[in-house]
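Written out below as structure tokens is the structure these notes cover.
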Amino acid sequence: MVRFPPNTRPAPWRAFAVALFALGSMASATAADPAKTLHIVLTSAEMSFDPQFSADAGSDGIIDHIYESMLDYDYLARPVKLVPRTLEAMPVIADDGATYVFRLKRGIFFTPDPAFKGKPRELTAGDQAYALKRLLDPAVKSPWLWLVDGKIVGAEPVRAAALKSGRFDYDAPISGLEVVDRYTLRIRLKTPDLRFLYVFAIPNTAAVAREVVEAYGADFGAHPVGTGPYMLGDYRRSARIVLVANPRFRETTYVPAGPVPRESAAIAAALAGRKLPLVGRIQITVIEEAQAVWLAFIDRELDLLERVPVDFIDQALANGRLRPHLAAKGIRHETLLRPNTRWTYFNMEDPVVGGYTPERIALRRAIGMGYDVGEYIRVILKGRGIPAAGPIPPDVAGYDSSLKTEAQRYDPAAARALLDRFGYRDRDGDGYREAPDGTSLVLERWSAPTLLSRQEDEQWKKNMDVIGLRIVFKKDRLQELRKMARQGKMPMRTDGWNADYPDAENFMQLLYGPSVGQENHARFSLPEFDRLYEAARRLPDSPERVALFDRMTELMVAYAPWRLMEHRIEDHLVQPWVRNYKPHPVRSFIWRYLDIDGAQRVR
């Protein structure tokens, strides 16, 4: 587990870096403007700035600005398009998708750190190979292991040895992870994987310097050192994070790599020829209460609201449109149906709701049919969502709003009949059913201590009362819930997933057996599902592949490890002085492209 010290002021090396930033800014008229600060909010505390360990969106957004993955998504091109980031060009693919060759740009440097002993430290292919080995290292406990697990030739024996000995040998050769020369990395896979490139646009595969990891040890997650456009300045754990522009960041300008929609043409023109990033400082405040977030935006303390809190949708919108008094202030509204799916999962190893026997499947199905997703979307989400018909979200191949998911439709009468049929009856007359063997039956749902979660609890209680199931609620902070989820400690929890890459595989891996302990929080393990998943991974985009995903969805519905919820609609609000903002369907945080009109802000 990564432990963080109580940082209340910049470390000496950070103060040096900030001073260096100021000198660099004065030396270049095209560098980020140190007088400009972008004010951002995170609604849950950061987890870690260790790329291979972090797994929450807020931390990953910060990581994506301090570190760099080999690939990126073009900011404005639609449909979304992969582009080189630290590479000279897109990778060379051979052997029908089983071999990938990556060639790094020369002259990319890490930001200064004492671990480099005063010497400039250039990014090399070895750094990228080291980062991938960290995903494999059991001691890192990377939730991103699934990206490479079982794929790279020669990796499994090295990981198996580490599991046995308790120590990962980073110097042990992995034949499929070959550093050809200082700037060239060749990866060979056991079987072709036509979507493997997406892995390298995920921030958590970013290169890290081995000497920095070893210098800080367990504290590495609080000392990020990357090659990206920003570096960590002032840092107060779970309260305030400041990023300052990297004065040594290489010359980088934005040139669209594909068609730009008409509504984004002005942004592309404004970015043309300008060196990125544009603002010299990003101040990120952690505010977990929705009311405080809303008031901070309304009081002009925040420049962006990258998802209006559900509790304040009615204050922001009327019939899905920005309220006139906000529009009169120059505030802009962006709507995005990001590829995302939300669900309530059941821990398949739990003694109450888990298991694969008919009576346990019946219990989960009844819970699903007893819960009114339509009411949830209409009342609690204020209509900002569409019902999920399957794990795959809209705009991703395999999505089908007409899929037959009758076993998850809202039908409390059918739920009660199903429970009766399988022996879940009220034997003592208290209004709540007991288990088939006569023992007490209590559902346990976990969630964060927020107003939204309390509203969700109230609906769960109301809906479960109707079908005669007793339910209790337990609370913890979001970061603790995520840890418990991977450890299989919660019977029920509502969760969701934004696409790491625009492919159905990214959602189906959430139910893939080998992902138990990582992102398969339901701990669902079904050999037939796993075989279909592995077969789909080998196929190109095709009707045959979509048919496999349809069958996987049918299995999910049949065994009911999830009660599908919704695909959430996001509403973004932008202050009038913010320039160049356009939400991206996959990349959640795009701060490096933004600019501030200082004169308009002070009006």
Side-chain angles (χ1 to χ4, degrees), residues 1-4 47-56 59-60 63-64 66-70 100 102 110 113 115 121 123-179 185-190 193 196 199-200 202-227 479 482-483 485-488 500 509 512-520:
M1 186 64 62
V2 176
R3 301 181 185 277
F4 293 82
M47 180 179 181
S48 168
F49 303 135
D50 177 344
Q52 283 76 55
F53 176 75
S54 173
D56 65 292
S59 299
D60 289 350
I63 286 167
D64 190 43
I66 294 176
Y67 293 93
E68 294 182 286
S69 48
M70 290 196 288
Y100 291 79
F102 305 83
F110 287 93
D113 188 87
R121 175 62 161 80
L123 174 70
T124 69
D127 298 318
Q128 190 63 61
Y130 175 71
L132 297 178
K133 289 180 178 180
R134 293 191 77 235
L135 297 178
L136 296 165
D137 184 351
V140 175
K141 296 182 173 62
S142 177
W144 300 96
L145 171 63
W146 61 271
L147 293 172
V148 295
D149 193 26
K151 293 184 179 182
I152 300 174
V153 173
E156 289 183 69
V158 179
R159 177 170 167 80
L163 287 167
K164 184 176 181 179
S165 68
R167 177 182 173 276
F168 191 91
D169 185 356
Y170 282 91
D171 297 312
I174 296 177
S175 58
L177 194 59
E178 179 187 1
V179 177
L185 177 67
R186 179 185 292 121
I187 299 178
R188 290 189 298 112
L189 305 180
K190 294 164 64 177
D193 184 344
F196 193 58
V199 168
F200 300 100
I202 295 174
N204 310 87
T205 62
V208 296
R210 181 172 179 174
E211 55 264 57
V212 174
V213 176
E214 293 178 348
Y216 292 105
D219 202 29
F220 169 60
H223 294 272
V225 179
T227 64
Q479 298 297 353
R482 286 172 173 150
K483 294 175 188 175
R486 294 190 187 97
Q487 296 166 359
D500 297 306
Q509 61 88 19
Y512 180 50
S515 293
V516 168
Q518 299 175 60
E519 297 307 317
N520 182 348

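These values consider heavy atoms only, across backbone and side chains, with no hydrogens, waters or symmetry-generated copies. Throughout, residue positions are numbered sequentially from 1 according to the sequence presented.
The aromatic rings of Phe196 and Phe200 lie perpendicular to each other, with more than 60° between the two planes, well past the 30° mark. Between His223 and Tyr216, the ring planes are parallel. Angles under 30° get that label, and only those over 60° would be called perpendicular.
Between Ser54 and Asp56 the shortest heavy-atom distance is OG-OD1, 3.6 Å. Here the closest heavy-atom approach between residue Asp500 and residue Trp146 is recorded as OD2-CZ2, 3.9 Å. Between Leu135 and Ser142 the shortest heavy-atom distance is CD2-OG, 3.4 Å. Pro51 and Ile63 make their closest contact through CA-CD1, 3.8 Å (heavy atoms, listed as atom of the first residue, atom of the second, distance). Contact detail for Arg486 and Gln518: the closest heavy-atom pair is CG-O, 3.2 Å. Counting all heavy atoms, side chain and backbone alike, Phe110 lies closest to Val225 at CD2-O, 3.6 Å.
Pro157 pairs by the side chain to side chain contact (heavy atoms under 4.5 Å, CB included) definition with nothing, not counting sequence neighbours.
A salt bridge links Asp171 with Arg210: at least one charged nitrogen is closer than 4.0 Å to a carboxylate oxygen.
With contacts defined as side-chain heavy-atom distances shorter than 4.5 Å, the pair Val148/Arg159 does not qualify.
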Intermediate values then yes/no, side chain to side chain contact (heavy atoms under 4.5 Å, CB included), Arg482 and Met47: CA-CA 10 Å; Arg482 286 172 173 150; Met47 180 179 181; 5.6 Å; no

Test side chain to side chain contact (heavy atoms under 4.5 Å, CB included) applied to Arg134 and Tyr170, step by step: CA-CA 8 Å; Arg134 293 191 77 235; Tyr170 282 91; 3.6 Å; yes

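In the model, Thr227 has a side-chain atom that pairs as donor or acceptor with a side-chain atom of Glu68 under 3.5 Å.
Proximity of a side-chain donor or acceptor of Gln52 to a complementary backbone N or O of Ala206 within less than 3.5 Å is detected. Without hydrogens or angle criteria, Thr205 side chain to Ile202 main chain gives a donor-acceptor distance under 3.5 Å.
Evaluated for a side-chain contact (heavy atoms from CB on, under 4.5 Å) with Arg188, the options Val153, Ile152, Leu177 yield exactly one hit, Val153.
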